[in-house]
Trainee: 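What follows is a structure written as structure tokens; I'll ask about it next.
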There are 2 protein chains.
Amino acid sequence: MVAVADVARHAGVSTATVSRVLNNHASVRGETRERVLRAISALDYRVDVSARSLRTAQTRLILVLLPDLGNSYYASIVRGISAVARSHDYEVLVCETVVNEARERAHVQMLSSRLYDGVICMDPYTTQRLVAEEVKGQPWVACSEFVPGDQVPHVSIDHYLAAKDAVLYLLSKGRRRIALINSDSRYLYAGQRLNGYLDALRAADIGEREGYIQNTGGVDYYLGELAARRMLAGADRPDAILAVSDTLAIGAIKAVVAAGLAVPDDIAVIGFDDIPFAGIFEPPLTTIGQPRELLGERAMHLLLQRMAGQSPASETLPHRLVIRQSA
Amino acid sequence: MVAVADVARHAGVSTATVSRVLNNHASVRGETRERVLRAISALDYRVDVSARSLRTAQTRLILVLLPDLGNSYYASIVRGISAVARSHDYEVLVCETVVNEARERAHVQMLSSRLYDGVICMDPYTTQRLVAEEVKGQPWVACSEFVPGDQVPHVSIDHYLAAKDAVLYLLSKGRRRIALINSDSRYLYAGQRLNGYLDALRAADIGEREGYIQNTGGVDYYLGELAARRMLAGADRPDAILAVSDTLAIGAIKAVVAAGLAVPDDIAVIGFDDIPFAGIFEPPLTTIGQPRELLGERAMHLLLQRMAGQSPASETLPHRLVIRQSA
DNA sequence: TTGTAGGCGTTATCAG
DNA sequence: CTGATAACGCCTACAA
């Protein structure tokens, strides 16, 4: 293993000089720098980040915690994060959080071990408490999900308003029997969207109906299909369905069509997230889009401020209703 | 910042003893251990991984390099990797490689900085050379993609055979005018599947046809749609399309249907990968499935052996044709 | 502009 | 079973 000392010896300089070259200090004579550089490549020297961070107390590494790598919703956010992070010379590492009691501790150790200069958490807010406890003292921010009333800065859309907008749109189209397919109550957005849905209906003087709210526990296609099938089986069939994710919405449409009904004529369907597939599906999905890249960019900005010792205010970004053909 | 020394002082023992407790050495008296543990939680001590790795020369971190976080194909593989890694007490970090000339160096530094005990690379084989150069001396293996003839151990299906099987199946269904929608020639699989396709046709004595091979440069839905549209515009319309990814296949079906033709009656379509959506799409997609989790598990096993100084042989895993309704 | 030397927090060796 | 102490590789005063 070749260390700074070896490079120094090879170049006939001191370790201090090598370090200066490594860190682009101006105060190195051109010719000396050349010699050092040559030695570095001759010996194929690589810095040891462990040693460096031990000394400098920073790693220039950002950790992004997310609950599901397979959900492309997060991918776009990460892209936004990375763009900003890289422009500030931070490298972004992603870790899929496993909410497994047994493994929890190991994960937690990852966080608490000072390996990262900052953490961005997209985990369900119910597990953010765990994170909070572990990264205590370390800079971190939340993205999309957050613990309401908490001190941790976060970026998110207004899920309550978004759901309300969706229902308002359905109402404006003359729909009155509007059902909701919700996912997993561990997620904050689930509760907020539920409230938005409820309040919008209430404001229109529409009462709740038996079986009109289904909780799937996840966002897989088939779960949406199952939920919609249950709704269709009821005596009091809805004329519109709001699903909290596009995947659920697509599953729901499958069920509707399988039941011999038409979308949107018999039942209008609105999803959430505007995934790439939403536009290509038949019928193209009407959905609530989130500014995903921007979400990531803002989150990283918040983190940057946090790492600088500031206490930035949380941000709410705008959503938008993407009207296609399913509603 | 509280260090081992602080814990030692608090517990009235030496740093050596604290370290022993931290690392579960058996040779610590129960009562002493208790005292240390109490001090640790009283002071809320956290190990400094940088210091630890500087000392031990290992980080217990595995880096997974992939070209696209948004592609859920990789998510399943990562899940397989993580399962094995965690059972061996390694933590898995994912980094989306950015093949951007300007940023290349920073990335590269990440790899070469000894922060990881091992690397699993799923990048296109054309960029694996870069990786190879940078992680030189570090244990790494390739997954899915690999540089043929290289010494680096890898896991993959036999893309050549898989494509051949798909064409054989189409042939067995009486199709003769079989087209190929390929993606990005930076990927090894693209070339191999092309060869499989070509050889299968050749073996059946079917000559190449003008415009029957389209390269899209990516796997987005709309690219498949575009490619298929071009094929349909030709005088010599195909009666079957093999697409190297399900997303391309779905895009292709869109184009076929939009042209007033039926799938599979007029044109059969086969995809690749068996993504979650393949089964829910209408018509459900016939596709070549890969054992993704297993791919990840085997890759991690290979890496484990590599890290142990061995030179494991590469592995080829079986693919399977999932017959649904698009072909 | 360059060199010397100390220490970051941890683990491991060697005594006791 | 426990303690003192010497590295690990790097950066950065401070000195020259």
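Here is the naming used below: chain letters follow the sequence lines, and residue numbers restart at 1 for every chain.
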Trainee: For L54(B) and dT10(C), what is the distance between atoms CG and P respectively, to the nearest whole Å?
Mentor: 11 Å

Trainee: Checking the side chain of T59(A) only, and the main-chain atoms of L115(A) only, is there a donor and an acceptor separated by less than 3.5 Å?
Mentor: yes

Trainee: For the helix from dT1(C)-dA16(D) to dG16(C)-dC1(D), how many degrees between its two end axes (five pairs per end), to the nearest 10°?
Mentor: 30°

Trainee: Under 4.0 Å between a side-chain N/O of T32(B) and OP1 or OP2 of dT2(D), yes or no?
Mentor: yes

Trainee: Has R186(A) got a side-chain atom pairing as donor or acceptor with G217(A)'s backbone, closer than 3.5 angstrom?
Mentor: no

Trainee: Let me know the distance between CD of Q58(B) and C1' of dA12(C), rounded to the nearest Å.
Mentor: 14 Å

Trainee: When you compare the side chains of Y187(B) and S144(B), does any donor N or O come within less than 3.5 Å of an acceptor on the partner?
Mentor: no

Trainee: Base, sugar-phosphate or nothing for S27(B)? Non-hydrogen atoms, less than 4.0 Å.
Mentor: base

Trainee: Can you tell me the distance, in whole Å, between the CZ atom of R9(A) and the P atom of dT4(C)?
Mentor: 13 Å

Trainee: Relative to the 5' end of DNA chain D, which residue comes earlier, R33(B) or R55(B), by the nucleotide with the nearest heavy atom?
Mentor: R33(B)

Trainee: Within a strict 4.5 Å, meaning less than it, do heavy atoms of the T127(A) and T97(A) side chains meet?
Mentor: no

Trainee: With sequence neighbours left out, write down each residue that passes ring-ring contact (aromatic ring centres under 6.0 Å, His included) with F146(B), or none if nothing qualifies.
Mentor: H154(B)

Trainee: How long is the line joining CG of N23(A) and P of dG9(D), in whole Å?
Mentor: 17 Å

Trainee: Could you check how far CG of N24(A) sits from C1' of dC11(D), rounded to whole Å?
Mentor: 15 Å

Trainee: Give a yes or no answer on whether the side chain of T56(A) reaches the backbone of R52(A) with a donor-acceptor pair at less than 3.5 Å.
Mentor: yes

Trainee: dC10(D) P sits how many Å from Y45(A) OH, rounded?
Mentor: 3 Å

Trainee: Answer yes or no: is there a donor N or O on one side and an acceptor on the other, between the side chain of R20(A) and the main chain of S27(A), under 3.5 Å?
Mentor: no

Trainee: Which residues, if any, of residues 13-22 of chain A bring a heavy atom under 4.0 Å of DNA chain C?
Mentor: V13(A), S14(A), T15(A), A16(A), T17(A), R20(A)

Trainee: Less than 4.0 angstrom between a side-chain N/O of R29(B) and OP1 or OP2 of dC1(D), yes or no?
Mentor: no

Trainee: Is the backbone of L188(B) close enough, under 3.5 Å, to the side chain of E145(B) for a donor and an acceptor to pair up by distance?
Mentor: yes

Trainee: Measure CG/D48(B) against C1'/dG7(C) and give the value in whole Å, please.
Mentor: 14 Å

Trainee: Expressed as a whole number of angstroms, how long is the span from R52(A):CZ to dG9(C):P?
Mentor: 18 Å

Trainee: Rounded to the nearest 0.5 Å, what separates atom CG in L93(B) from atom CD in E96(A)?
Mentor: 12.0 Å

